[in-house]
Structures are given as structure tokens and as C-alpha cells.
Protein chains: 2
Amino acid sequence: MSKPEITTSRLDDAARAGWLYYVAGNTQDEIAAKLGISRQSAQRMVSLAVSEGLVKVRLDHPIAHCLDLAAQLKKRFDLKMVEVVPTDPGSTSTTLGVADAAADEMTRWLKSEAPIVLGIGTGRTLKAAIERLSPIECPQHKVVSLTGNISPDGSAAYYNVIFNIADKIKARSFPMPLPVIASSPEERELLHAQAMIRPVLELSAQANVAFLGIGDLEDDAPLFVDGFISRDELLALRRAGAVCEIVGRAFDRNGVPIEGLTNDRVASAHIPSRETATVIAIAMGAKKLPGIVAAIKGSLINGLITDEQTAEALLRPA
Amino acid sequence: MSKPEITTSRLDDAARAGWLYYVAGNTQDEIAAKLGISRQSAQRMVSLAVSEGLVKVRLDHPIAHCLDLAAQLKKRFDLKMVEVVPTDPGSTSTTLGVADAAADEMTRWLKSEAPIVLGIGTGRTLKAAIERLSPIECPQHKVVSLTGNISPDGSAAYYNVIFNIADKIKARSFPMPLPVIASSPEERELLHAQAMIRPVLELSAQANVAFLGIGDLEDDAPLFVDGFISRDELLALRRAGAVCEIVGRAFDRNGVPIEGLTNDRVASAHIPSRETATVIAIAMGAKKLPGIVAAIKGSLINGLITDEQTAEALLRPA
DNA sequence: TTGTCTTATGGGCAAATACTCACACAATCC
DNA sequence: GGATTGTGTGAGTATTTGCCCATAAGACAA
């Protein structure tokens, strides 16, 4: 992995160029003239500003259709919050749009003066959301990971995002130095009894809000691709009726946890209580649809951030 | 202003197009295809979204605030250029940051192929700026001092920076072998009539750009500390309403020159015409605030390099 | 110091975008 | 009824932008 190592002064210039371009509406030629650089360099500065996430574009218009879908979903499934973003018909990305919406929703929570406990799951969607989060200082809050952050190979799991978010918001973070799935139920108990782990588990139960991804269990299930479970285990789960996985735990199409199998060894915290916490799933796409349906049916979540297409599919008479 | 009366559905489409463009990163062609409209219409949708303020761009960088302030100052006070640098909250230095910014601005001017005449004032801030100037060969330009460079003790004044800059940029320099303040109005006339001085004064009037410091007139006014005026003269100036000094000349809070007193004996050149030249003051800090206000009110300058804090103070409703 | 490697710069070009114009259609006005 | 005005559309065109590549500049080890 190559480290870009971008100096502060470089980012400063990039921000300048980005400001001149997006806020002041200059062309790249004008920026080049004003900054005394070539147009090509100006272009590079602007694109650097974009790629470094300095430039945030927000659309301040609730598209009627999306609002409508959100309202319907909220009513039909008795959810606390629903956010529906437009779908890009051509794109196959499972993060596009929802990641930004999730980042916005997080920001809304983080702006709270009162200290909150923020639970964080894992997954690609969540990672993308955190990346889009604007830095905001909120040392009053606590961020707690709901899943272990140790990869099967012993490294910190790539899609565990607790460190990224803690860094961005300058809050105290409580990672869970565990594998996602222990080697045996006994080992899980042993691990959970550890002095370092117990407080984290307790804190996770007190979360005011949690953001979770929903993992599918298709052939390229994230849990399998990232090496947390074997192919055989994946197939066994599917045979047992599992359709999705949340913080490592597998559920059937009604949101009921699968008995036995890997679920006996999942070391993650439990999903915070839907009575006391807002538990928001961030998920979109046909692949995740069964999982979203399951999560809703089983009342595993009471909040949802998804896209138009998925929202429509959810509302379609089953 | 005519209200176009845009229907909701129209704005909805615009938002959708804007979303596809800015968030999903589609080209207008793709948007056109997806929404089943012509490319031109897609373009119109996107630009409608922008002009209706649906698209909000935010820059997540400290610099963004500075640029905002600069744009406001420029507009409010009708200045040709304004540069605002971030304030380091801890530091009390009056040169930090602005010196670098001034050096950068000078460099931009010096990069010009066409010969320019660069007027230079005096003062600690300017000296710091010159120190930070990167050496650059530009023999096509001329650097002219706007103030005398002879100290009361006969030596070259320490804070006269013409020699430093001329040396750095390898341009022809035109120092002014005069005291800043002559001993009498008559002596001033005599000095100005000298064959060596006259061309320098004439050149100073032709300056394309000038960089000036603004001196306060507090108890530790640079003019007094450096021995150019006596304590009594300082007090007399203050009694006469003077709040600042530029190239040795004192001005009241509206930027009007003080009548009589030391001003009758100031041997400096006049500030170049704001019609033909860009006259840039480099100043920051609470102490200099009244002076900056005066310089702006009196249109003594049409460019400013300052810091965030000072910029905010300048914009605060008086 | 020299050679080599990496990184940054500016020229050129194709793609993408903004703008202008002419026209079609509809509602309104005379 | 016909003219007028406003609004939307598509075509053509100038400008702007993104990207590739050759080259220059800087870093670093020998």
C-alpha cells in the first residue's frame, strides 16, 4: 500500500484552489493566474481537494419521491427514522449516496451537547460513511465498537472502522480487541470474561445510537471474503436458512438468529436494545434486500438508511 | 427580481439531476440517458439545481474561513486584493503568517515578465516578509523605497528593507538616502530637490504595486522606538487625533493626514496613487486595527494582507 | 560528485460542459 | 383572431476540463 503523505501546506493550497473553484466559481485558468501556477497544477489542486474529501457537496432538496418512500417505510415498519436517497440507475455501488446520508445522520447525532454513546458496526458501507464524515470535535461522546477488530490473520480488520471515526471526531473510542468469531463457544466466553472486554460490552449495551451494516450471505459474503468464516460455514449457514449477518451474527429471513453454527462463537456485542437506542442500518441493493427485510421483521433495527430502489422493493407487496 | 415560479416537480427533477451529477458523479450525457431527456436539458437541470441553491458546497478546511473573510473584506471595502491568513491563537507575533503571505504575493508580482516598479515601505512586518521571500532573479523589475533609509544616528535604518529585497531578487534598487523625517519643512524641500532624490520620488509615483506596513502610535510606536520622532512629537500626534502612520506620515481615524506637526517634515514619498497602483498594506493585530480601519476609510490602500482575527474585527459592525 | 529513481510540471488533445441562438408551443393580452 | 410574451427545446459552438505523456526538478544512494 502506497502512502501518499500529503503535506499540510499542500492541502492548504488544495483547499484554496477548491474554494476558488467551487465557492468563488472561478475557472481553472483563473485560479492558475491568481495562484501563479499553471492551469494543469490548478487542476491537480482542485482534484486533490476533491479526492482528499475537503469538498463536500450537499443537495438541499428532499426529492418528493424519496421523502414519500421514507414516510411509507417508517409507517409500515414502525421505524424511528428512515432516510431514502436517490438511486443512480446505472451504478452497482452499494455505498453511493447512502454513505453521505449516513455521515450526515451521524453528524446530527454528534452535534448533541449531551454526551452520547455511539455504537459502530463494521463493513464496507459503514467505512465509506465514515470516510465522508467531516471532522468534528466532540470529546463528550464515546464511540464503541460492536464487533471485534481482529482479523483471522491477527491484524486489525480492514473494515473495522472504529479507529477512523474516533480519529475524525476526537472522541474516546472503545474498540473490541477480539476476533469477530471465536474458535469455539468456550473461547468466546473466556474472551468475554476478560477485564479489558467486559466494560466495552457493557458500554455497547448503553449505546444511544448505533450504525450497522447488513452483510449478505451470497457467495461473496463479506464475512467469507474477509476470511472470518469458511466456505463450508457459509454454506451451512445458508442451509440453516440464514439470509444476512449483522455484526457477525447470522439471521434467517424473519430476523431470528440462527441456532448454533457460527452464531455460537460470534464474539461481537449484541445489537443495542431497540427500546433504548436508535439502531440504524445502512444498506442498499438487491443483494441486501433479504437481509433488510429480515432485520425489519425481527425488529433488529429501528432506523434505516437506504436508496430509492431498495425502498421501493421493501414496500412492494410481498 | 422576477420570480420564475418553478414548480415542485421541476425542482424535484433538478435535484435528481444535481444528485446524479454531483453525488453520483455522472456526466451530463449519462444523466440525460438515465432520465430520458436530451443532454442540453440535463445540463439545464443541473444548472437549475445550482442556481436554485439546491447544491451546497462546503470546504472542510480552516483555509475556507479565511478565504470567506477575504472575499467579504474585498467586497465591503472595495479592495483590489485581500489575503487573510489563519490566526495562531497562541501567538502574539504581528508577523506570523502574514509575512509568508506577503512574500507569496510579492513573488506573484515578481514573476511577471513585463517590468514592474515595486514600491516598498518599511517596518518590522515588511522586513519579516522580505526575509521569507525566496530568491528569484528578476532584473527586469525596479524596486523603489518609499521612505528614507537614514536613521537619526546617521546609519542606514535597520528596518529599511530595500537593500534586502533588491539583493534577493537581483533587481535594480532605488533607495532614498534621506531621513524619514527631516528636521524642518525647509530641509525636506531642500532634500527633495536634490538630483539624486528627485528621480527616486518620480519613480515611486510610477509604482505598479507597493507593499506597506502600518505603524501604530501607541507608547511603543515603531516611529518612536526607532528614534524617528520624540515622545513629545508622538504625544502631539496622538492629541491631534493620529491613529497610525504609513511611510512616516500620520493619519487620523478616517485616514486623513494630520495637518502640521511631523507630517510637515516627513521626507518619504507619497503613497502611490490607488488609481494606477495596487497598494497593499501588511498588518495584523489589535494594535494596528485602528490604523487599518483608517487606511481603508481614507482609501490610502487598496490591498490588504492580514490575519483571520483582524479580518473578523474589521468586518464586525462598527 | 554522479547516476538513478521518484515526483512534479507543463504541453497537447479529446471529452465534457456552458453558452448562444433560433424555433416551437402555450397562455395571455389587445 | 392574431399578436405577444414567456418558457422550454435542440443544435451548434466556444470554453473548460480531465488526462496522458514527455520532460524537468529534486531526492538519495553509491
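Order of the sequence lines sets the chain letters (A, B, ...), proteins ahead of strands, with each chain counted from 1.
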Test side-chain hydrogen bond (donor to acceptor under 3.5 Å, both in side chains) applied to [X] - qualifying residues, sequence neighbours left out:
X	value
A/Glu218	none
A/Glu83	none
B/Arg44	none
B/Arg274	none

Under the rule for salt bridge (Lys or Arg N to Asp or Glu O under 4.0 Å), what residues qualify as partners of A/Lys287, not counting sequence neighbours? A/Asp220

Results of salt bridge (Lys or Arg N to Asp or Glu O under 4.0 Å) for A/Lys56 - residues two or more places apart only: B/Asp60

Which parts of residues 20-32 of chain A get close to DNA chain D, meaning a heavy atom less than 4.0 angstrom away?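 Here the set is A/Tyr21, A/Thr27, A/Gln28.
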
With five pairs defining each end axis, the helix from C/dT1-D/dA30 to C/dC30-D/dG1 comes out bent, to 10°, by 30°

Close N or O pairs between protein and nucleotides 5-10 of chain C (under 3.5 Å):
from	atom 1	to	atom 2	distance (Å)
C/dG10	OP2	A/Ser38	OG	2.7
C/dG10	OP2	A/Ser41	OG	3.2
C/dG10	N7	A/Arg44	NH2	3.3
C/dG10	O6	A/Arg44	NH2	2.7

With sequence neighbours left out, write down each residue that passes side chain to side chain contact (heavy atoms under 4.5 Å, CB included) with [X], or none if nothing qualifies.
X	value
B/Ala64	A/Trp19, B/Leu59
A/Ala311	A/Leu69, A/Leu73, A/Val84, A/Thr306
A/Asp226	A/Arg124, A/Tyr159, A/Phe228

Hey, does the side chain of A/Gln43 come within less than 4.0 Å of D/dT17's phosphate (OP1/OP2), counting only N and O?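 So the side chain of A/Gln43 is outside the cut-off, no N or O lying under 4.0 Å from OP1 or OP2 of D/dT17.
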
Without decimals, in angstroms, what is the distance between B/Arg39 CZ and D/dG8 C1'?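 That distance rounds to 16 Å.
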
Got a second to check how far A/Glu308's CD is from A/Met284's CE, nearest 0.5 Å?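 Answer for the CD-CE pair, A/Glu308 versus A/Met284, is 10.5 Å.
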
